[in-house]
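For this chain, numbers begin at 1 and follow the sequence in order.
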Amino acid sequence: MPRSLVNGDYSLVMAIESASRANSWYRVLADRQTGSLSCDCPAWTFRQDGVVTTRSCKHTRVAQLLVNAQGQVQRVGVPLERARGAAAETNLLVQATREQWPGLGGRWSIEQRTSSVDNQPYHFVLLHLTTGNGTAATGLVAFAQRFHTTPQSMIAGVAGWAGYAIAAEVARVAGFPLAGQPPEHFKVTRRTTPAEGTAGATRRRPRLGLGDILRVGDQIDLGDGYTPTQRAENTLRLFLGEELYAQLERQHFLDVSSVRYAPQQRVYRVRRDPAKQRDRRVRVFTRGRYVNDYCIVRGQDVPEADHWLSIFLSLISDEERAISVVQSYNIFPPHSDDYYQREEETIPAVWRAA
Ligand SMILES: [Zn+2]
């Protein structure tokens with residue numbers, strides 16, 4: 001990763017495919033403090049002249065044209081399709097994104113346009129989600145047209161990059177700024193992972209990339225040796241980021257502050273089985289007091305990590321819908337699922353305003 005991008009507070013503005021190498025992606029990132037754009041293409045990263053704020057490349061320049069100062073996407077190029085709500089949900093690319101990021105809830109829209117970048121024809125896909133909780137998030141992907149002539153060929157890029165950017169923004173607004181750091185390149189060279197517990201395990205752990213988590217799209221070689229369970233774990237880990245993932249591993253839950261029940265200072269403690277097998281019930285706290293267990297049933301054949309992420313994403317994106325599936329017979333008194341080995345709460349559940 002270019003030195004300028006390390007440990008920064010960045011959002012992914014656009015992923016743009018290389019005009020010469022299929023499925024090789026550059027990430028245009030915006031510094032959240034200054035709004036200045038950066039890119040990880042050679043042209044941007046190797047230009048050491050001038051200060052970062054004035055550096056540019058053809059990708060940051062097109063991003064500048066497409067995205068205005070308010071972060072809204074402007075109309076450039078030739079429109080191909082525009083759909084929102086129920087119509088958007090029938091779109092293949094929206095469906096794939098929802099499959100890749102289960103739990104994200106709200107009103108989807110999609111817009112597709114063509115335009116040229118540096119005399120090369122490009123196909124832009126803009127996904128937008130207004131969550132039930134009221135967050136507006138977008139993801140923008142630019143495909144080199146010569147490599148992508150069918151909607152099917154764009155599934156992985158859209159579900160991966162645009163879906164990731166949307167999930168990241170939803171998490172950031174919900175109070176998890178560490179989640180959803182822009183992922184590495186689409187294609188990653190796999191290295192062998194040192195065994196857990198060895199000296200190099202943390203230091204030399206290979207960086208996960210989008211290629212390690214995607215499960216949709218025909219561009220993705222699924223013959224990479226990952227089982228669905230490993231892929232789900234990779235997704236959770238890549239999305240949460242090392243720090244938040246380590247917190248989940250250590251305390252076996254993350255707390256989500258309610259938006260809907262803010263006056264009661266409700267907190268959902270989304271728990272995870274240390275053995276990563278069983279489903280654990282969500283503990284509900286009101287003003288710091290543990291009051292109920294919610295049982296959210298896992299769908300068929302879904303790995304445990306996927307189920308956990310799905311509950312987490314649905315609570316931070318569309319709490320109303322997430323809890324509407326919890327019928328009264330799925331609401332239990334405290335300690336309903338730790339009968340044999342009681343798990344007391346030692347860490348306070350503190351409600352925080354979004
Ligand atoms: Zn660039």
Side-chain angles (χ1 to χ4, degrees), residues 89-106 108 127 129 132 151-152 155-164 166-167 170-171 179-180 183 190 193 208-240 245 248-249 252-254 256 268-283 293-319 321-327 329-332 336-338:
E89 288 180 15
T90 64
N91 183 288
L92 188 69
L93 300 173
V94 173
Q95 286 172 348
T97 305
R98 297 180 72 195
E99 187 184 332
Q100 177 68 36
W101 302 100
L104 279 181
W108 290 88
L127 283 195
L129 175 68
Q152 283 76 14
I155 284 178
V158 172
W161 290 115
Y164 196 97
I166 288 171
V170 168
R190 277 174 231 293
T193 316
L208 290 169
L210 277 187
D212 299 295
I213 71 167
L214 286 172
R215 51 187 151 181
V216 293
D218 64 352
Q219 300 292 308
I220 299 306
D221 174 17
L222 288 174
D224 55 12
Y226 285 130
T227 64
T229 301
Q230 287 166 328
R231 193 174 294 281
E233 195 68 31
N234 287 346
T235 306
L236 186 58
R237 178 176 207 140
L238 177 69
F239 179 68
L240 291 181
Y245 181 81
L248 176 61
E249 289 281 271
H252 308 299
F253 65 80
L254 291 180
V256 173
Y268 301 99
R269 181 155 286 183
V270 187
R271 297 152 73 225
R272 194 168 188 213
D273 175 16
K276 301 173 183 170
Q277 300 289 329
R278 301 196 288 146
D279 294 347
R280 305 310 314 273
R281 288 175 180 165
V282 174
R283 289 185 169 174
D293 283 342
Y294 281 7
C295 176
I296 300 173
V297 182
R298 199 193 306 191
Q300 269 184 321
D301 295 332
V302 176
E304 179 270 345
D306 264 350
H307 182 58
W308 190 94
L309 183 59
S310 172
I311 293 175
F312 179 76
L313 287 178
S314 57
L315 284 170
I316 64 174
S317 65
D318 199 348
E319 177 186 352
R321 194 201 54 173
I323 58 172
S324 73
V325 305
V326 183
Q327 303 295 334
Y329 54 83
N330 279 326
I331 300 176
F332 298 88
S336 66
D337 69 350
D338 55 344

Fill in: Heavy-atom pair of closest approach, residues G103 and R321
O-NH2, 3.0 Å
Worksheet item: Short question: side chain of Q100, backbone of I213 - any donor-acceptor pair under 3.5 Å?
Response: yes
Item to complete: Find the distance between CG (L309) and CG (L104) and round it off to the nearest 0.5 Å.
Response: 8.5 Å
Worksheet item: What is the distance from atom OG1 of T235 to atom CG of D306, rounded to the nearest 0.5 Å?
Response: 6.0 Å
Worksheet entry | The single option from R280, R283, R281 passing salt bridge (Lys or Arg N to Asp or Glu O under 4.0 Å) against D338 | R283
Fill in: Minimum heavy-atom distance F253-L248, with the two atoms named
N-CD1, 3.6 Å
Worksheet item: Yes or no on side chain to side chain donor-acceptor pair (under 3.5 Å) for Y226 and E233, after CA distance, side-chain angles and deciding distance?
Response: CA-CA 10 Å; Y226 285 130; E233 195 68 31; over 6 Å; no
Discussion item. Given F312, which partner from the list L236, V282, V256 fulfils the side-chain contact (heavy atoms from CB on, under 4.5 Å) test?
Written reply: V256
Discussion item. Can you tell me how the ring of F239 sits relative to the ring of Y164, calling it parallel under 30°, perpendicular over 60° and tilted otherwise?
Written reply: perpendicular
Worksheet item: Which is it for V326 and I296 under the side chain to side chain contact (heavy atoms under 4.5 Å, CB included) test, yes or no, and what are the steps along the way?
Response: CA-CA 6 Å; V326 183; I296 300 173; 3.7 Å; yes
Worksheet item: Taking NZ, NE, NH1 and NH2 as the nitrogens, is one of them in R272 or E304 under 4.0 Å from a carboxylate oxygen of the other?
Response: yes
Item to complete: Return the minimal non-hydrogen interatomic distance between G105 and S317, and the atom names on each side.
Response: N-OG, 2.9 Å
Worksheet entry | Heavy-atom pair with the smallest gap, counting every atom of K276 and E249 | NZ-OE2, 3.0 Å
Practice prompt. Would you give the length of the straight line joining atom CD1 of I331 to atom OG of S336, rounded to the nearest 0.5 angstrom?
Written response: 11.0 Å
Worksheet item: A322 and L315: which non-hydrogen atoms are nearest, and at how many Å?
Response: CB-CD2, 3.9 Å
Discussion item. Tell me the closest heavy-atom pair linking P151 and L93, and the distance in Å.
Written reply: O-CD2, 3.6 Å
Practice prompt. State whether the side chain of E319 and the backbone N or O of S314 hold a donor-acceptor pair below 3.5 Å, judged by distance alone.
Written response: no
Item to complete: Could you tell me whether the side chain of L313 reaches within less than 4.5 Å of the side chain of V170, counting heavy atoms only?
Response: no
Worksheet item: Is there side-chain contact between W108 and T97, with at least one heavy-atom pair below 4.5 Å?
Response: yes
Discussion item. Salt bridge or not between D337 and R271? Use side-chain N to carboxylate O under 4.0 Å.
Written reply: yes
Discussion item. Please report the interatomic distance CZ(R98) to CG(N91), rounded to the nearest 0.5 Å.
Written reply: 11.5 Å
Item to complete: Indicate yes or no: at least one non-hydrogen side-chain atom of I323 is less than 4.5 angstrom from one of Y268.
Response: yes
